[in-house]
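Residues: numbered from 1 along the sequence shown.
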Amino acid sequence: MKSRFLPIIALCGLILPGVGQTADKKSPEELKKASFQVDKFVAEIFRSKKLKVPNVVDDATFLRRSFLVANGRIPTLKEAQNFLEIDDVNKREMLTRYLLGTDGYRSHMQNYVMDLLRITENGNANNTTLVPYVQYITDSVAENKPWDQFSRELVSSSGIAWEPGNGAVGYFIRDKGMPLDNLSITMQIFTGERFECAQCHDSPLNKWERMDFFQLAAFTSGQREMNSKVWGQTVKMVDDPDFRRSDLGKMMYWMRDNIHYLTLADEGDGRIKLPRDYQYRDGDPGEMVGGKTHFGQRISSSARRTTKGARQKFGNWMTTKNDNFDYVIVNRMWDRVMGAPLTLPVDQYVKEEKALSPGLTRYLKRLMVDLDYDLKAFQQVLLGTRTFQFAANPKAFEVGVPQAFNGRQLARMSSEQLWDSLVTLIADDPDNLAKRKHSDNIYYDGKPVLVGQKTMSQLSREVMAIKKPVEYKKYAEELIRQFEDTASGSASKDMMMMAQKERPGPAGGVARASELRAPAPAGHFLRSFGQSDRSLVNAATRDANMAQVLEVMNGHVEKLVVNNKGAAVYNALEEGTTDADKVRYLYYAILSRPPTDNEMNMLMRDVIDGSRDSYQNLVSALLSTHEFMFVQ
């Protein structure tokens with residue numbers, strides 16, 4: 001059957017390159033070869049266990065699995081129709097490339113990265129904003145920035161966050177005042193080494209000693225805000241409750257919260273003082289120690305003087321010829337696509353010789369490097385494998401084949417996948433809904449000011465150039481006058497109205513999870529279904545609770561989908577001409593498959609009477625099933 005699915009692929013520019021085009025390591029042909037190599041290693045695992053390689057899942061399961069893994073949502077009715085009703089031997093391969101070329105991939109990947117980095121709207125303070133940092137993440141994922149470059153920028157950037165492209169400084173601002181905790185989390189996320197215990201004492205759980213931790217911390221020590229001395233002197237002049245309530249006081253503290261807070265002055269000192277409670281013979285309390293690495297390439301810095309660019313040096317070490325760095329991101333991507341990591345836990349480094357298949361581990365690390373840390377291309381390789389398509393084989397578990405190689409196991413969707421799937425049923429194409437907004441305009445008291453005259457980056461540079469406390473006060477007074485003048489001016493009213501609509505921040509209402517407040521407020525559907533509060537790495541949960549039952553029975557699901565006459569899921573009723581067609585299309589829209597003969601016979605006999613209420617009851621029933629809520 002001919003379908004609109006193939007033209008969609010072609011329009012996205014994802015058809016295989018034609019004759020005469022130069023193939024490269026990221027070409028569809030080369031990625032397909034890489035997928036085949038992965039499958040060869042996995043097949044060897046099964047042969048070593050004297051087992052047959054598992055069968056692959058049917059088209060409907062593959063369709064739903066691929067959408068949820070690559071795009072974080074179920075397919076729309078049209079997408080399900082186009083795939084299931086097309087007869088083409090290459091349609092699975094084409095679907096994979098189609099999914100990776102959509103904004104849905106960006107949205108789903110952004111959820112993943114923001115959760116990994118524990119990104120919140122305000123960092124660890126209430127009166128500030130991390131808009132430039134969130135924009136940096138959004139832009140980096142959208143442009144598919146190489147993972148090594150992205151990681152290096154996070155740990156080595158400095159300056160003003162509002163400067164275009166410099167939002168990466170938000171990585172340290174997120175943990176402002178907690179530099180040692182930030183270093184510990186950095187090592188966990190990017191190198192798979194756990195140093196939490198070693199912050200206070202030699203770890204009883206691994207090989208790391210307290211001195212090892214502080215030698216690493218030396219590279220990122222010295223974090224401070226730009227122009228902090230001038231602000232520190234100024235605040236002594238104005239730090240009393242009455243002044244803070246005055247117009248001038250409000251302005252100066254607004255400048256602190258929205259400009260000073262979003263800066264990072266240092267490039268790393270390269271040395272650090274041991275704490276007063278340091279208790280081991282290899283150092284004395286208060287002693288200055290230089291930087292030193294203990295795996296990867298060996299680098300060091302002096303304890304006698306500040307090392308210029310120590311954080312840049314640290315970032316290069318972390319991301320260059322570092323087996324820890326390579327393995328951890330490979331393990332994370334395998335877990336993301338296959339449903340389980342190569343080794344557990346996902347963020348712990350394991351030497352390749354200790355893996356079930358050292359050859360596969362070695363190949364995947366080399367592939368990641370060869371692809372220049374292109375996570376989209378790497379995931380395309382994994383999504384293109386037969387391994388991704390496996391149906392689980394219970395016998396394989398019995399003889400010790402890990403879940404990572406035995407087909408995705410039945411698991412409940414993440415909170416973001418569930419929400420985005422419901423949004424798909426409400427709005428049909430969720431990628432066309434409202435997006436998170438980013439703006440460099442100045443907003444004071446919730447209103448845009450100096451629109452078209454000055455931006456936050458320009459304002460930040462001016463504030464950072466102030467040299468004396470008395471100049472700081474004069475500047476704040478002049479800023480108040482400028483804000484008042486623009487507020488009363490008529491010439492810029494149209495621009496002001498436009499700027500008000502473009503106020504930076506999350507979208508509201510019905511939009512994809514990546515565009516909503518991060519994390520969602522308590523009581524929101526996302527939080528009820530286990531969205532991370534972003535306080536810890538990997539803090540999301542898929543555990544069941546009573547709030548989830550209420551959400552399905554009489555919460556967001558009933559209100560936004562079942563009882564919403566305009567919900568896209570009911571387009572199925574317009575598509576079908578008979579009751580059987582309408583039932584089939586509702587199944588396509590919700591479960592991404594046609595009903596079985598038994599299901600159809602039962603529904604025609606006992607449920608569907610042609611009325612809208614009967615179809616509404618079917619929608620409610622299907623949305624309450626485990627089949628809807630779980631990834632197969």
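The structure places OH of Tyr105 at 6.0 Å from NZ of Lys376, a figure rounded to the nearest 0.5 Å. Between Gln135 atom CD and Thr138 atom OG1 the span is 7.5 Å, to the nearest 0.5 Å. If you take CZ on Arg256 and OG on Ser228, they are separated by 13.5 Å, rounding to the nearest 0.5 Å. In this structure, Asn111 CG and Gln417 CD are separated by 9.0 Å, a value rounded to the nearest 0.5 Å.
Between the side chains of Gln215 and His294, at least one donor N or O sits under 3.5 Å from an acceptor N or O. Side chain to side chain, Arg106 and Gln110 meet the donor-acceptor criterion of an N or O pair below 3.5 Å. Side-chain contact annotation: Thr129 with Tyr261, donor-acceptor N/O pair under 3.5 Å absent. Under the 3.5 Å distance criterion, with hydrogens and angles disregarded, a donor-acceptor pair is assigned to the side chains of Ser535 and Asp533. At a cut-off of 3.5 Å, with distance as the only test, a side-chain donor of Arg512 or Ser107 sits close to an acceptor on the other residue. No donor-acceptor contact under 3.5 angstrom links the side chains of Gln348 and Arg194, judged on distance only. Checking Glu79 against Tyr98 by side-chain atom types alone, a donor-acceptor pair falls below 3.5 Å. Remark: the Glu225 side chain and the His260 side chain contain no N/O donor-acceptor pair separated by less than 3.5 Å.
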Phe83/Tyr588 under ring pair (Phe, Tyr, Trp, His ring centres under 6.0 Å): CA gap, chis, key distance, verdict: CA-CA 11 Å; Phe83 182 81; Tyr588 276 178; over 10 Å; no
Could you walk me through whether Lys351 and Asp323 pass side-chain contact (heavy atoms from CB on, under 4.5 Å), step by step? CA-CA 9 Å; Lys351 292 182 179 180; Asp323 196 58; 5.9 Å; no
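Annotation: side chain of Leu623 is in contact with side chain of Leu425 (closest heavy-atom distance under 4.5 Å). Side-chain contact between Ser414 and Trp419: absent, with no pair of heavy atoms (C-beta onward) separated by less than 4.5 Å. In this structure, Met114 and Glu416 have side chains that are not in contact, with every pair of non-hydrogen atoms separated by 4.5 Å or more.
Ring centers of Trp334 and Phe405: under 6.0 Å apart, within the cut-off. Proximity of the aromatic rings of Tyr136 and Phe150 is defined here by a centroid distance below 6.0 angstrom, and this criterion is met. You'll find the ring centres of Trp208 and Phe295 inside the 6.0 Å limit.
Here the options are Leu364, Val337, Leu383, the test is side chain to side chain contact (heavy atoms under 4.5 Å, CB included), and the partner is Phe378; only Leu364 passes.
For the pair Arg92 and Phe62, the cation-pi criterion (under 6.0 Å, within 45° of the ring axis) is fulfilled. Geometric assessment of Arg408 against the ring of Phe388 yields a negative cation-pi assignment under the 6.0 Å and 45° thresholds.
Between Phe195 and Phe213, the angle of the ring planes lies from 30° to 60°, which puts this pair in the tilted group.
Proximity of a side-chain donor or acceptor of Thr385 to a complementary backbone N or O of Ser35 within less than 3.5 Å is not detected.
When the shell of 6.0 Å around CE of Met178 is examined, it contains more than 12 heavy atoms from other residues, nucleotides or ligands.
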